[in-house]
Amino acid sequence: MSLATVLLTSVFSDVRDQYVWAAGPLTRLLESASADRFKIHTLTDDPEKADLILFAEMADLGHYMMTDVLSHPLYKQYSNKVFLYWPADKIIPRVPGIYASIEKQWYRADRTRGGCYLDSYSNPYVKHRKLEPDAQYLASFVGSVSTHPVRQQILKLNSDRFLLEDVSKNSLKHKMADLDDKDKHHFWENFANTLADTKFPLCPRGEGCSSIRLFESMEMGRAPVIISDDWVPVEGPKWEEFSLRVAESDVANIPSLLQSNEHRAVEMGEIARGEWENWFSEKVIFHRMVEACLDIMQIRQRPESIERRIAEIQYLRPYHAKAFLRPYIKRLLRRD
């Protein structure tokens with residue numbers, strides 16, 4: 001491990017007080033840098049002295065955010081040492097870095113890596129709780145089923161030891177940022193209590209290939225059941241020791257799979273918690289992200305100017321073309 005000097009920033013870094021909701025990832029990384037247990041990498045505000053510059057952004061900002069990074073003075077002047085942390089769904093990685101929902105087609109060790117979720121809306125009730133052998137639920141899923149067909153298949157599972165709840169049709173279908181504090185905390189507390197009473201939380205993909213449930217399960221000390229064909233495991237954790245991976249086409253086999261692994265639930269849960277502490281907790285996440293970015297820099301094959309253009313070709317695909325053009329079309333319609 002070599003010492004690196006890091007500049008942490010955001011497209012909202014100059015107005016963080018007004019945009020607290022958008023500064024979540026940056027705030028979390030700054031807090032992690034202060035609590036860092038490794039004490040190897042240091043922070044700087046001087047881009048000239050920085051070995052790498054890491055933009056930490058919120059998913060809600062969409063394609064505009066990526067454009068803001070690319071037009072930022074720091075990127076224009078130091079593109080070969082600029083990286084991005086972004087937890088958005090269905091991304092096109094025009095900037096190298098850490099993406100919480102990176103799909104297989106976009107994963108490249110010399111440019112993009114998988115990551116966890118850092119935002120302003122983390123569930124404060126998700127804390128480590130010892131799993132009791134007589135926990136009420138063998139498996140549980142509480143969430144919206146409207147974001148991906150595999151979630152609808154989960155609701156069809158027939159087991160009296162499963163708790164399966166669709167929240168699509170009530171107020172929780174809205175983003176957590178839109179809920180008032182009372183509703184938010186009520187949902188968070190109930191969700192955490194259900195998670196604590198579950199041996200194997202089901203963590204299906206949603207609009208993106210990843211799920212924040214996966215990391216909440218690890219933090220609680222529960223073995224996640226990962227249901228996503230396109231998800232790429234974050235490098236480092238010993239996933240095979242504490243999680244179960246299920247193909248989207250094999251959802252019907254989940255009850256028998258969990259019954260055959262029930263005797264391992266407590267042990268797997270404790271391993272999950274240990275791996276979360278070692279790879280995703282506040283004391284390590286700054287260090288882990290910096291190490292991943294440094295590794296990308298070391299094995300990079302082509303200049304960033306070329307890589308960015310290659311990635312942008314994907315805007316010809318219908319999904320991304322619509323997402324990219326939608327805000328501009330809305331602006332034109334308003335003018336008319």
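For the pair P237 and F242, the minimum side-chain heavy-atom distance is below 4.5 Å. Side-chain contact check for Y117 versus F215: some heavy-atom pair is nearer than 4.5 Å. Side-chain contact between P201 and R213 is absent, with no heavy atoms from C-beta onward closer than 4.5 Å. Residues I98 and F83 form no side-chain contact, since every pair of their non-hydrogen atoms from C-beta on lies 4.5 Å or further apart. Between D68 and E57 there is no side-chain heavy-atom pair separated by less than 4.5 Å. Two residues are said to be in side-chain contact when any heavy atoms from C-beta on lie closer than 4.5 Å; L164 and L202 meet this criterion. Using a 4.5 Å heavy-atom cutoff, the side chains of I271 and K238 are not in contact. The closest side-chain heavy-atom distance from R94 to T67 is below 4.5 Å.
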### Message
Set out, in order, the CA-CA distance, both residues' side-chain angles and the distance that settles side chain to side chain contact (heavy atoms under 4.5 Å, CB included) for L244 and M268, then state yes or no.
### Response
CA-CA 10 Å; L244 297 172; M268 292 175 69; 4.1 Å; yes
- request: Might you work through the side chain to side chain contact (heavy atoms under 4.5 Å, CB included) test for H41 and E291, ending with a clear yes or no?
  value: CA-CA 9 Å; H41 308 304; E291 288 288 303; 2.5 Å; yes
With side chain to side chain contact (heavy atoms under 4.5 Å, CB included) as the test, would you mind laying out the steps for W276 and C116 before giving the verdict?
CA-CA 10 Å; W276 179 85; C116 63; over 6 Å; no
- Task: Output, in order, the C-alpha distance, side-chain angles, deciding distance and verdict of side chain to side chain contact (heavy atoms under 4.5 Å, CB included) for V95 and V82.
- Result: CA-CA 8 Å; V95 180; V82 167; 4.3 Å; yes
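Connection of V150 to F200 is established within a shared hydrophobic cluster, with ILVMFWY side chains joined at heavy-atom distances below 4.5 Å, either directly or through further cluster members. Linking ILVMFWY residues whenever their side-chain heavy atoms come closer than 4.5 Å, directly or via other members, leaves F162 and L195 in distinct clusters. No single ILVMFWY cluster, assembled from side-chain heavy atoms under 4.5 Å apart, contains both L138 and V266. Connection of L131 to M218 is not established within any shared hydrophobic cluster, with ILVMFWY side chains joined at heavy-atom distances below 4.5 Å, either directly or through further cluster members. Both L74 and L70 are assigned to one and the same hydrophobic cluster, defined by single-linkage of ILVMFWY side chains at heavy-atom distances under 4.5 Å.
The aromatic rings of W239 and F280 are tilted relative to each other, their planes meeting at an angle between 30° and 60°.
Atoms CG and OG, from L214 and S228 in turn, are 9.5 Å apart once rounded to the nearest 0.5 Å. Interatomic distance, F55 CZ to H72 NE2, rounded to the nearest 0.5 Å: 4.5 Å. Rounded to the nearest 0.5 angstrom, R205 CZ and H148 NE2 are separated by 4.0 Å. One distance of note links OG1 of T198 with CZ of F141; it measures 12.5 Å at 0.5 Å rounding. Note that CG of D230 and CD of Q105 are 7.5 Å apart. Values are rounded to the nearest 0.5 Å. Rounded to the nearest 0.5 angstrom, M66 CE and I92 CD1 are separated by 8.0 Å.
Taking the charged nitrogens against the carboxylate oxygens, R113 and E235 do have a contact shorter than 4.0 Å, which makes a salt bridge.
Taking a 6.0 Å sphere around CG of D46, one finds it holds more than 12 heavy atoms contributed by other residues, nucleotides or ligands. The environment of CD in E267 is sparse: at most 12 heavy-atom neighbours from other residues, nucleotides or ligands sit within 6.0 Å. Counting heavy atoms of neighbouring residues, nucleotides and ligands inside a 6.0 Å radius, atom CD of E240 exceeds 12 of them.
Residue pairs that meet the side chain to side chain donor-acceptor pair (under 3.5 Å) test with at least one member in residues 124-134, sequence neighbours left out, are Y125-H185, H128-E270, R129-N193.
Using modelled atom types, no side-chain atom of R222 and backbone atom of E216 make a donor-acceptor pair closer than 3.5 Å. Side-chain atoms of W86 never come within 3.5 Å of backbone atoms of A100 as a donor-acceptor pair (strictly under, hydrogens ignored). Remark: side-chain polar atoms of R151 are not paired, donor with acceptor, to backbone N or O of G143 under 3.5 angstrom. At least one donor-acceptor pair closer than 3.5 Å links the side chain of R300 to the backbone N or O of N80. The closest donor-acceptor contact from the side chain of Y85 to the backbone of M289 lies at 3.5 Å or more, if one exists at all. Side-chain atoms of R273 come within 3.5 Å of backbone atoms of E219 as a donor-acceptor pair (strictly under, hydrogens ignored). A donor-acceptor distance shorter than 3.5 angstrom exists from the side chain of K199 to the backbone of P133, with no hydrogens or angles considered. Counting only distance, with no hydrogens or angles, the side chain of E103 and the backbone of C209 share no donor-acceptor pair below 3.5 Å.
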Scan the side chains in residues 254-261 for donor-acceptor partners under 3.5 Å anywhere in the protein, sequence neighbours excluded, and list what turns up.
unit_1	atom_1	unit_2	atom_2	d
S256	OG	N253	O	2.9
S260	OG	S256	O	3.3
S260	OG	L257	O	2.8
N261	OD1	R264	NH1	2.7
N261	ND2	L257	O	2.9

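Of the listed residues (T9, L7, L8), just one forms a side chain to side chain contact (heavy atoms under 4.5 Å, CB included) with L54, and that residue is L8. Put simply, the residue from I53, D51, T44, L43 that forms a side chain to side chain contact (heavy atoms under 4.5 Å, CB included) with V6 is L43.
A pairwise comparison of heavy atoms in V142 and F191 identifies O-CE1, 3.8 Å as the closest pair. The two residues G114 and I102 make their nearest non-hydrogen contact at CA-CG2, 3.7 Å. Of all non-hydrogen atoms in C293 and L52, the two that sit nearest each other are CB-CD2, 3.9 Å. Smallest separation of non-hydrogen atoms from D229 and R245: O-NH2, 4.0 Å. A pairwise comparison of heavy atoms in S32 and E282 identifies OG-O, 2.5 Å as the closest pair. Closest heavy-atom contact between H287 and I40: CE1-CD1, 3.8 Å.
For S101, there are no side chain to side chain donor-acceptor pair (under 3.5 Å) partners, not counting sequence neighbours.
Side-chain atoms of N190 and H186 include a donor-acceptor pair closer than 3.5 Å.
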